[in-house]
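Following this message is one structure expressed as C-alpha cells.
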Amino acid sequence: KMFFMKLLKIAATFIVLFLLSTTSKAQMEITAKQAAQHIGDSVRVCDIILEGKYLYEAKDEPAQLFMGSRQPDPMFTIVIPKAVRMGFKYDPEKKLVNKRVCVIGRITKFEGRPAIFVSDENEIKGM
C-alpha cells in the first residue's frame, strides 16, 4: 500500500509538471521578429499587421497578413484559408492592416518563412 501511494504521488507530480510546461508554451507571447526561433511551438504572436492580401486567384484562395516586414520578405505571415476566411464577419486583409493584433497557434513555415495557419476567427485578437 505504501509503495502504491508513493507511485501515485510521483505520477501526479509528473502530470502537473507536464501540464505546466505545455500551458506555458501555449501562452508564450512573442513578436514577429522572434517567430523564426519558435518554429513548431504553440505561441501567441503579437505585432502590427503591415500589409494584407487576399489571393483570390491562388489555389486555396488564402488571405495573408504580414507582420514584422512587408512583402516580398515578411518576417511572419498569418495565413487564413478561403474556407476559414468565409466565416469571418469582416475582411481581415483590409480591416486589420495597421492594427496591433495577436494570433494564437503553432508556428510552421509557409513559403520558407514563419507562419501560423488560422482555423478560426477567434484565433486572431485585435488589441
Side-chain angles (χ1 to χ4, degrees):
K1 197 169 185 173
M2 190 81 123
F3 175 75
F4 178 72
M5 293 302 286
K6 274 188 174 181
L7 190 59
L8 192 58
K9 205 178 224 183
I10 291 170
T13 302
F14 278 115
I15 290 170
V16 168
L17 289 174
F18 174 75
L19 291 174
L20 287 174
S21 71
T22 57
T23 304
S24 65
K25 280 186 182 177
Q27 294 178 355
M28 182 188 308
E29 187 173 304
I30 63 171
T31 64
K33 191 175 189 175
Q34 297 168 312
Q37 286 83 49
H38 293 278
I39 304 293
D41 292 343
S42 290
V43 297
R44 176 191 320 254
V45 180
C46 298
D47 221 317
I48 295 171
I49 302 293
L50 298 174
E51 185 180 5
K53 280 187 170 181
Y54 178 44
L55 304 175
Y56 57 89
E57 293 181 3
K59 184 182 86 167
D60 188 28
E61 298 181 32
Q64 296 178 356
L65 307 174
F66 305 109
M67 292 177 154
S69 56
R70 299 176 190 275
Q71 285 233 272
D73 193 24
M75 280 185 194
F76 179 77
T77 305
I78 299 171
V79 182
I80 308 168
K82 178 184 178 182
V84 176
R85 185 186 176 276
M86 290 174 64
F88 274 59
K89 297 174 188 77
Y90 59 91
D91 295 340
E93 71 281 357
K94 294 177 185 171
K95 184 180 178 191
L96 297 177
V97 174
N98 296 321
K99 297 211 169 65
R100 181 173 167 77
V101 303
C102 292
V103 60
I104 298 167
R106 183 174 304 281
I107 297 180
T108 61
K109 283 201 170 191
F110 177 72
E111 297 178 349
R113 294 179 190 87
I116 287 180
F117 283 76
V118 173
S119 59
D120 185 85
E121 179 180 344
N122 294 322
E123 293 172 0
I124 300 175
K125 303 283 186 210
M127 305 279 292

Query - For Lys33, side chain to side chain contact (heavy atoms under 4.5 Å, CB included) partners two or more places apart - result: Thr31, Met75
Report task. Under the side-chain contact (heavy atoms from CB on, under 4.5 Å) rule, what do Val101 and Leu65 come out as? Steps first, then yes or no, please. Result -> CA-CA 10 Å; Val101 303; Leu65 307 174; 5.9 Å; no
Report task. Could you tell me the separation between the NZ atom of Lys125 and the SG atom of Cys46, rounded to the nearest 0.5 Å? Result -> 11.5 Å
Query raised in the report: How far apart are the closest heavy atoms of Ala115 and Val79, and which atoms are they?
Result: CB-CG2, 4.3 Å
Report task. Give the intermediate values and the outcome of side-chain contact (heavy atoms from CB on, under 4.5 Å) for residues Ile49 and Lys99. Result -> CA-CA 6 Å; Ile49 302 293; Lys99 297 211 169 65; 5.7 Å; no
Query - All side chain to side chain contact (heavy atoms under 4.5 Å, CB included) counterparts of Glu111, not counting sequence neighbours - result: Gln64, Arg113
Query - Pairs flagged by ring pair (Phe, Tyr, Trp, His ring centres under 6.0 Å) wherever residues 63-106 is involved - sequence neighbours left out - result: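 Ring pair (Phe, Tyr, Trp, His ring centres under 6.0 Å) check on residues 63-106 returns Phe88-Tyr90.
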Query raised in the report: So which heavy atom on Val43 is nearest to which on Val45, and how close?
Result: CG2-CG2, 3.8 Å
Query raised in the report: Does the pair Ile116 and Ile78 meet the rule for a side-chain contact (heavy atoms from CB on, under 4.5 Å), with working shown?
Result: CA-CA 5 Å; Ile116 287 180; Ile78 299 171; 5.5 Å; no
Query raised in the report: How far apart are the closest heavy atoms of Leu50 and Arg70, and which atoms are they?
Result: O-NH1, 2.6 Å
Query - Atom pair CG/CD of Asn98 and Glu51 - distance to nearest 0.5 Å - result: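 Answer rounded to 0.5 Å: 10.5 Å.
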Requested in this report: With Arg85 as reference, evaluate Glu93, Glu121, Glu61 under the side-chain hydrogen bond (donor to acceptor under 3.5 Å, both in side chains) test and give the passing residue.
Outcome: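 With Arg85 as partner, Glu93, Glu121, Glu61 yield a single side-chain hydrogen bond (donor to acceptor under 3.5 Å, both in side chains), made by Glu93.
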